[in-house]
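Being a predicted model, the structure only gives us computed values, none of them experimental. No hydrogens, no waters, no symmetry mates; every other heavy atom, side chains included, goes into these values.
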Amino acid sequence: MRRTISRFAHSSLSNAYVKPRPAPVNIKVNANANVSKPGSWDNPTGEVQPGQHVISVCKQYDISYPHQVRSVSVGLKSNPYRLSVAISPKHSFSVNSMQYFDKFEHPFAKTVLDRYIEKKKEPLWMSCIAYGASPFPSRKASKKVAHALRDALAAAGYDRFGRRVLADGESSATLDLHGTLRVTSHNPCAVCNAKFVDLLEHAKRIISFAETSLRRGKNGHHLQSSPHSYSARQDQRREPNNQQRQQYGINTIIKDGSRTVPKAP
């Protein structure tokens, strides 16, 4: 008996190594939720084409794809933590979940979709990601940023899911914050070493910006707010160069509001 046990004890399973398969998270979707190139959930190229079972859930529960969450500039004067913000007024899948949503139905697809359907009870889908360092500081930084954002929501009068919290006798036209908010830190080590008070100030600025974009009234529609530019370069107009002036006969440029109007010679 002892000889049999010792024979099984020298098994080589402890030294076995299984190469992990890369998870496809890239997605190419047009307006009709179709993809230019086919793919599958075990395709090493990483291209995912949503199946009809995913498209039907998106239409029924009004869930969008990750590419509809756009980066915005929240106006952080100093950003030592290299925080970037992406916002969408609609609920959106996370990038990591897209590997389960290919047209070749993944075994876990139904489970992941059921989680998103259950999550529809939460008006604000907020997530924090940190990368650029080893796994431990990245995880710690993401949790620290999430903690700061939750405290910033509480300071602004919302719970952790974006619902408006009113005191006794208080009224507000805002019902909740509805949509997707993603905050990414590209410097996890700085976040780990930061004072929480300083990080909280950045989180309050992010929540203040998100509040103007994601506020939803009691009628279920987003409140009208001033549009925000997704890129600072969108408002920059290039002046015509000398070659264009000679080609179109432009001698003088008169700026009429946001348009550039050429004046005939």
Side-chain angles (χ1 to χ4, degrees), residues 63-96 119 122-133 137-165 172-217 221-237 258:
I63 304 177
S64 61
Y65 297 103
H67 73 282
Q68 296 184 0
V69 183
R70 302 300 180 90
S71 298
V72 295
S73 176
V74 298
L76 296 176
K77 295 182 179 180
S78 60
N79 192 8
Y81 317 116
R82 298 180 62 190
L83 298 176
S84 61
V85 182
I87 290 177
S88 174
K90 300 180 64 176
H91 289 154
S92 302
F93 293 127
S94 68
V95 177
N96 292 334
K119 194 177 180 182
E122 305 171 7
L124 180 62
W125 290 8
M126 184 176 64
S127 61
C128 301
I129 307 172
Y131 66 91
S138 297
R139 287 194 299 267
K140 184 178 179 181
S142 61
K143 292 181 179 179
K144 193 172 182 179
V145 172
H147 185 187
L149 289 172
R150 288 193 297 267
D151 286 3
L153 281 171
Y158 301 92
D159 64 5
R160 61 182 300 171
F161 302 120
R163 302 186 186 94
R164 188 70 172 174
V165 179
S172 175
T174 303
L175 176 64
D176 53 29
L177 301 180
H178 183 275
T180 303
L181 173 63
R182 292 177 186 161
V183 180
T184 305
S185 172
H186 303 271
N187 192 355
C189 295
V191 174
C192 293
N193 297 325
K195 295 182 179 179
F196 188 78
V197 177
D198 298 336
L199 189 61
L200 182 60
E201 292 299 321
H202 287 72
K204 289 181 178 179
R205 181 69 184 91
I206 294 173
I207 295 300
S208 177
F209 182 92
E211 187 176 8
T212 60
S213 303
L214 304 180
R215 288 184 305 167
R216 192 171 62 165
H221 299 287
H222 284 87
L223 299 178
Q224 188 176 9
S225 59
S226 58
H228 298 285
S229 174
Y230 290 114
S231 175
R233 297 183 179 180
Q234 291 181 352
D235 295 330
Q236 297 179 358
R237 303 287 182 175
S258 61

Open item on the list: To the closest 0.5 Å, what do you measure between CG (Leu214) and OG (Ser88)?
Closed with: 8.0 Å
Task: Test item: Val85 and Leu76 side chains (from C-beta on) under 4.5 Å apart, heavy atoms - done: no
- [ ] Applying side chain to side chain contact (heavy atoms under 4.5 Å, CB included), name anything that partners Ser185, two or more places apart in sequence or on another chain.
- [x] Leu83, Ala130, Val191
Task: Atom of Ile87, atom of Ser213 and distance for their closest heavy-atom approach - done: CG2-CB, 4.4 Å
- [ ] Tell me, please, which residues at least two apart from Ser208 pass side-chain hydrogen bond (donor to acceptor under 3.5 Å, both in side chains).
- [x] none
Open item on the list: What I'd like to find out is whether the side chain of Asn187 reaches to under 4.5 Å of the side chain of Asn79, using heavy atoms alone.
Closed with: no
- [ ] Sequence neighbours left out, what passes ring-ring contact (aromatic ring centres under 6.0 Å, His included) with Tyr131? Give chain and number order.
- [x] His186
Task: side-chain contact (heavy atoms from CB on, under 4.5 Å) partner of Ile206, chosen from Val74, Val72, Val145 - done: Val74
Open item on the list: Using the rule given for side chain to side chain contact (heavy atoms under 4.5 Å, CB included), can you reason through Met126 versus Leu177, listing the C-alpha separation, both sets of side-chain angles and the distance that settles it, and then say yes or no?
Closed with: CA-CA 10 Å; Met126 184 176 64; Leu177 301 180; over 6 Å; no
TODO: Would you mind reporting whether Ser92 and Pro66 have side-chain heavy atoms less than 4.5 Å apart?
DONE: no
Just list the side-chain donor-acceptor pairs under 3.5 Å for residues 194-203, sequence neighbours left out, or say none.
unit_1 : atom_1 : unit_2 : atom_2 : d
His202 : ND1    : Asp198 : O      : 3.0
His202 : NE2    : Ser78  : O      : 2.8

Open item on the list: Quick check against the 3.5 Å criterion: does Thr212 have a side-chain atom that pairs as donor or acceptor with the backbone of Phe209?
Closed with: yes
Task: Closest contact, heavy atoms only, Leu149 versus Cys128 - done: CD1-SG, 3.4 Å
Task: Sequence-distant partners of Thr180, side-chain hydrogen bond (donor to acceptor under 3.5 Å, both in side chains), two or more places apart - done: none
- [ ] Kindly compute the distance separating NZ (Lys143) from SG (Cys192), expressed to the nearest 0.5 Å.
- [x] 11.0 Å
TODO: Output all residues satisfying ring-ring contact (aromatic ring centres under 6.0 Å, His included) with His178, sequence neighbours left out; order by chain, then residue number.
DONE: His91, His222
Task: Of all pairs that satisfy salt bridge (Lys or Arg N to Asp or Glu O under 4.0 Å), the ones with a partner from residues 144-161, not counting sequence neighbours - done: Asp159-Arg163
Task: Those residues that, when tested against Lys119, pass side chain to side chain contact (heavy atoms under 4.5 Å, CB included) (two or more places apart) - done: Glu122, Trp125
Open item on the list: Going by salt bridge (Lys or Arg N to Asp or Glu O under 4.0 Å), name the pairs with one or both residues in residues 86-96, residues two or more places apart or in two chains.
Closed with: Asp62-Lys90
- [ ] Could you tell me which residues satisfy salt bridge (Lys or Arg N to Asp or Glu O under 4.0 Å) with Asp176, sequence neighbours excluded, listed by chain and number?
- [x] Arg216
Open item on the list: The criterion is side chain to side chain contact (heavy atoms under 4.5 Å, CB included); which residues satisfy it with Arg164, sequence neighbours excluded?
Closed with: Tyr158, Leu166, Ser172, Glu211
